[in-house]
S.K.: 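Below is the structure I would like to discuss, written out as structure tokens.
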Number of protein chains: 2
Amino acid sequence: MKQMVTAKDVAKLAGVSQSSVSRVYFEGAKVSAKTRAKVLAAAEELGYHPNEFARSLITNRTKIIGLVMKGVQNPFYPQVLKQFTTAFKKQGYSVLFVHTQNEELQREDVETLLNYNVAGVIITDATMSLTVAEDFRANRIPLVFFNRKLNTGGFYSVCCNNLNASREVARYLIGKGAKDFAYISGNSDTSTSREREEGFVEILEQSGIPYRIYQSDYTYEGGYQTALNMLEGGHLPAAVFAGNDIMALGVIDAFRKKSIHVPGDTKVIGFDNIDMAGWPGYGLTTWEQPIEKMVEETIHYLMDEIEEYKGFGRALEIEGRLVERETV
Amino acid sequence: MKQMVTAKDVAKLAGVSQSSVSRVYFEGAKVSAKTRAKVLAAAEELGYHPNEFARSLITNRTKIIGLVMKGVQNPFYPQVLKQFTTAFKKQGYSVLFVHTQNEELQREDVETLLNYNVAGVIITDATMSLTVAEDFRANRIPLVFFNRKLNTGGFYSVCCNNLNASREVARYLIGKGAKDFAYISGNSDTSTSREREEGFVEILEQSGIPYRIYQSDYTYEGGYQTALNMLEGGHLPAAVFAGNDIMALGVIDAFRKKSIHVPGDTKVIGFDNIDMAGWPGYGLTTWEQPIEKMVEETIHYLMDEIEEYKGFGRALEIEGRLVERETV
DNA sequence: CTGAAAGCGCTTACAG
DNA sequence: CTGAAAGCGCTTACAG
């Protein structure tokens with residue numbers, strides 16, 4: 001149906017061989033300036049574009065990175081997506097975007113990634129079963145878990161240091177004189193929520209400070225509802241640590257609704273430092289995830305492994321920082 | 001480097017021809033149940049995946065849709081992205097995600113799309129020069145502008161009916177008794193902002209109601225700052241229509257900061273109906289864009305044109321609806 | 001229903 | 001520096 005312009009067409013018009021046309025478009029190949037000029041002129045006239053598929057077929061490598069995302073609702077992820085796409089563009093890579101509904105990447109999505117023979121894969125905010133992960137390994141496709149850790153070893157993951165962060169958060173809140181805490185967890189099957197809980201609780205236990213854990217789901221509505229439930233249960237803690245910012249915003253709005261003053265009556269702290277945390281309407285004190293650094297490290301690793309596959313695994317943890325605003 | 005398992009390998013193990021292996025994986029081809037079983041078993045054992053690149057090369061069509069986005073910061077777009085990806089997955093298509101910084105799609109990004117010989121392209125929240133658009137036409141690649149109109153004809157675009165919407169918004173506000181209006185525009189080079197301004201102003205002119213136009217940029221900070229500027233200029237209109245929700249939220253927060261009560265002192269209405277508009281903290285009255293319908297129509301058109309390219313152009317406008325909450 | 005063979009548009013040794 | 005030729009992993013007429 002589609003009438004593609006091929007290197008052969010260009011070669012004919014330019015009066016050179018098809019190999020020469022190829023060389024003009026292949027980085028690192030040598031062509032004389034004269035040939036190049038002829039080819040470029042002919043290509044321009046015909047509207048030629050080298051076919052990436054033919055190229056990938058023969059070189060046996062692609063310039064595609066598979067980017068898998070789950071939580072597109074959380075404003076944290078659009079930022080991540082944007083940073084990845086622009087960074088990869090600079091490296092000459094394109095991104096194949098895969099959206100998954102589930103916490104675990106489905107086999108069907110993996111098939112797609114494998115069929116396209118992607119150069120590398122980033123799994124954001126989701127995990128996958130070990131057997132599926134092994135599929136990538138068998139195909140020597142480098143894989144990074146971004147903001148999520150796999151409990152089974154041997155894989156590369158890039159996270160914020162959640163354990164340290166939540167310890168710091170606990171110490172900070174204690175330093176502010178709070179005597180009674182709540183932690184609102186995200187989805188319990190996520191490593192981030194588990195670690196944030198663990199570090200937080202660890203310090204509270206050490207200090208003998210009472211606390212309660214509320215189970216939620218990393219959404220605004222979840223945070224809102226949880227705060228309401230707290231109040232209905234007659235429990236207003238001196239400080240609440242929400243597993244992420246978007247829940248913290250829900251908590252603040254629920255408190256506001258019930259005329260509970262933040263930080264006067266109770267303190268609220270979040271995690272991520274999404275744009276909205278800085279909005280004057282909220283002024284949320286939070287722990288900032290070093291996205292830029294995390295993205296950078298992810299790409300660095302991926303490029304190394306694409307260059308030479310080693311299947312190197314490691315749980316990389318990058319330190320974030322406290323951002324003080326008005327809710328503590 | 002990478003040792004791919006090919007159809008040939010599977011054929012050898014299964015004791016059939018390579019053609020038979022191909023037929024098992026190609027929809028619509030006929031194979032006996034016995035052959036299929038043998039092939040599937042062998043494929044499973046070897047971990048075979050058909051190479052999409054070889055497939056595309058021979059069929060001369062791809063299962064990739066190029067999705068171009070600009071405004072990933074606006075929460076409106078993650079929703080759009082998610083809907084597109086899931087809908088395309090159902091149709092067996094994958095999405096190549098392209099992020100552009102500029103209002104106009106850069107040639108470099110177009111090259112990528114062309115090199116991958118994408119089956120279709122969606123341009124979201126951005127436009128492109130006519131010469132670039134012609135590149136797609138020359139390659140018979142269907143193209144849709146989503147939420148943006150090209151002033152030059154002949155292209156397909158899917159938008160909310162912005163003109164009607166803003167007329168309705170004006171009538172609604174007038175009906176609420178407001179006597180003095182402001183419109184806060186988004187980036188002036190966008191068709192959406194121009195049309196929303198036009199429809200709004202049209203009704204106000206007809207009714208002889210005074211108004212002012214404030215130039216802004218579709219961001220929260222822009223809305224916030226504009227509202228502050230209004231007040232500093234000594235102008236508190238009876239109602240402000242913000243070109244999108246995210247600006248409206250900024251306006252509300254600025255008013256709140258200055259102790260101006262919404263909707264008591266002034267009314268605020270937005271456009272989009274992003275998730276946050278419904279948050280209890282804001283309760284923003286707004287005009288809802290029918291995203292689901294818009295996505296559906298876009299995909300419908302694209303699939304038709306992929307099936308048989310006609311290069312059919314049209315500015316499709318879909319009616320949205322008013323969502324009344326607490327700011328008017 | 002199945003297999004042998006041609007060919008999709010490229011890259012890349014190999015000669016010259 | 002350039003061209004002729006092989007080959008990447010598939011699909012698809014064409015016979016049988």
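The analysis underlying the following values was restricted to heavy atoms, covering all of them including side chains, and did not include hydrogens, waters or symmetry mates. Numbered from 1 within each chain, the chains take letters A, B, ... in sequence-line order.
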S.K.: Given atom CG of A:N117 and atom P of C:dC10, what is their separation to the nearest angstrom?
M.R.: 19 Å
S.K.: Extract all donor-acceptor atom pairs below 3.5 Å that involve side chains of residues 10-23 of chain B and protein atoms in other chains or at least two apart in sequence.
M.R.:
residue: B:S17; atom: OG; partner: B:S19; partner atom: N; Å: 3.3
residue: B:S17; atom: OG; partner: B:S20; partner atom: N; Å: 3.2
residue: B:S17; atom: OG; partner: B:S20; partner atom: OG; Å: 3.4

S.K.: Shorter than 3.5 Å, N or O on both sides, protein versus nucleotides 11-15 of chain C: list them out with atom names.
M.R.:
residue: C:dT11; atom: OP1; partner: A:R55; partner atom: NE; Å: 2.8
residue: C:dT11; atom: OP1; partner: A:R55; partner atom: NH2; Å: 3.3
residue: C:dT11; atom: OP2; partner: A:S22; partner atom: OG; Å: 2.1
residue: C:dA13; atom: N6; partner: A:R23; partner atom: NH2; Å: 3.1

S.K.: Quick one: which residue pairs count as a salt bridge (charged side-chain N to carboxylate O under 4.0 Å, His left out) with a foot in residues 111-121 of chain A, not counting sequence neighbours?
M.R.: none
S.K.: Looking at A:K149 and A:E317, is there a salt bridge between them, counting it only when a charged N and a carboxylate O are closer than 4.0 Å?
M.R.: yes
S.K.: Can you give each donor-acceptor pair under 3.5 Å made by side-chain atoms of residues 40-58 of chain A, sequence neighbours left out, with the distance rounded to 0.1 Å?
M.R.:
residue: A:N51; atom: OD1; partner: A:F53; partner atom: N; Å: 2.7
residue: A:N51; atom: OD1; partner: A:A54; partner atom: N; Å: 3.1
residue: A:R55; atom: NH2; partner: A:Y25; partner atom: O; Å: 3.2
residue: A:S56; atom: OG; partner: A:E52; partner atom: O; Å: 3.1
residue: A:S56; atom: OG; partner: A:R61; partner atom: O; Å: 3.4

S.K.: So, using side chain to side chain donor-acceptor pair (under 3.5 Å) as the criterion, who are the partners of A:R36 when residues are at least two apart?
M.R.: none
S.K.: In whole Å, what is the span from the NZ atom of B:K12 to the P atom of D:dG9?
M.R.: 12 Å
S.K.: Please list, chain by chain and in numerical order, all residues satisfying side-chain contact (heavy atoms from CB on, under 4.5 Å) with B:K8, sequence neighbours excluded.
M.R.: B:T6
S.K.: List in chain and number order the residues that pass side chain to side chain donor-acceptor pair (under 3.5 Å) with B:T59, two or more places apart in sequence or in another chain; answer none if no residue qualifies.
M.R.: none
S.K.: Residues of residues 31-40 of chain B with any non-hydrogen atom less than 4.0 angstrom from an atom of DNA chain C: list those, numerically ordered, please.
M.R.: B:V31, B:S32, B:T35
S.K.: With sequence neighbours excluded, tell me which residues meet side chain to side chain donor-acceptor pair (under 3.5 Å) with A:S129.
M.R.: A:T131
S.K.: Without placing hydrogens or testing angles, list every side-chain donor-acceptor pair under 3.5 Å for residues 85-92 of chain B, not counting sequence neighbours.
M.R.:
residue: B:T85; atom: OG1; partner: B:L81; partner atom: O; Å: 2.4
residue: B:T86; atom: OG1; partner: B:K82; partner atom: O; Å: 2.8
residue: B:T86; atom: OG1; partner: B:Q83; partner atom: O; Å: 3.2
residue: B:K89; atom: NZ; partner: A:H99; partner atom: O; Å: 3.1
residue: B:K89; atom: NZ; partner: A:D109; partner atom: OD1; Å: 3.0

S.K.: Would you mind reading off the distance between A:N60 atom CG and C:dC10 atom P, rounded to a whole angstrom?
M.R.: 18 Å
S.K.: Is B:K293 salt-bridged to B:E296, going by a charged N under 4.0 Å from an acidic O?
M.R.: no
S.K.: Ignoring backbone atoms, establish whether B:S17 has a side-chain N or O less than 4.0 Å from OP1 or OP2 of C:dG3.
M.R.: yes
S.K.: Taking CG from A:L46 and P from C:dG9, how many angstroms apart are they, rounded to a whole number?
M.R.: 14 Å
S.K.: Sort by first number and list every stem of DNA chain C: at least 3 consecutive Watson-Crick or G-U wobble pairs, both distances under 3.5 Å.
M.R.: C:1-3 with D:14-16, C:5-12 with D:5-12, C:14-16 with D:1-3
S.K.: Can you measure B:K30 atom NZ to C:dG3 atom C1' for me and round it to whole angstrom units?
M.R.: 18 Å
S.K.: To the nearest Å, how far apart are A:K8 NZ and D:dA5 P?
M.R.: 13 Å
S.K.: How many whole angstroms separate atom CG of B:L57 from atom P of D:dG9?
M.R.: 12 Å
S.K.: Could I get the full list of side chain to side chain donor-acceptor pair (under 3.5 Å) partners for A:D135, not counting sequence neighbours?
M.R.: A:R107
S.K.: Using whole Å, report how far CG of B:N51 lies from P of D:dG7.
M.R.: 18 Å
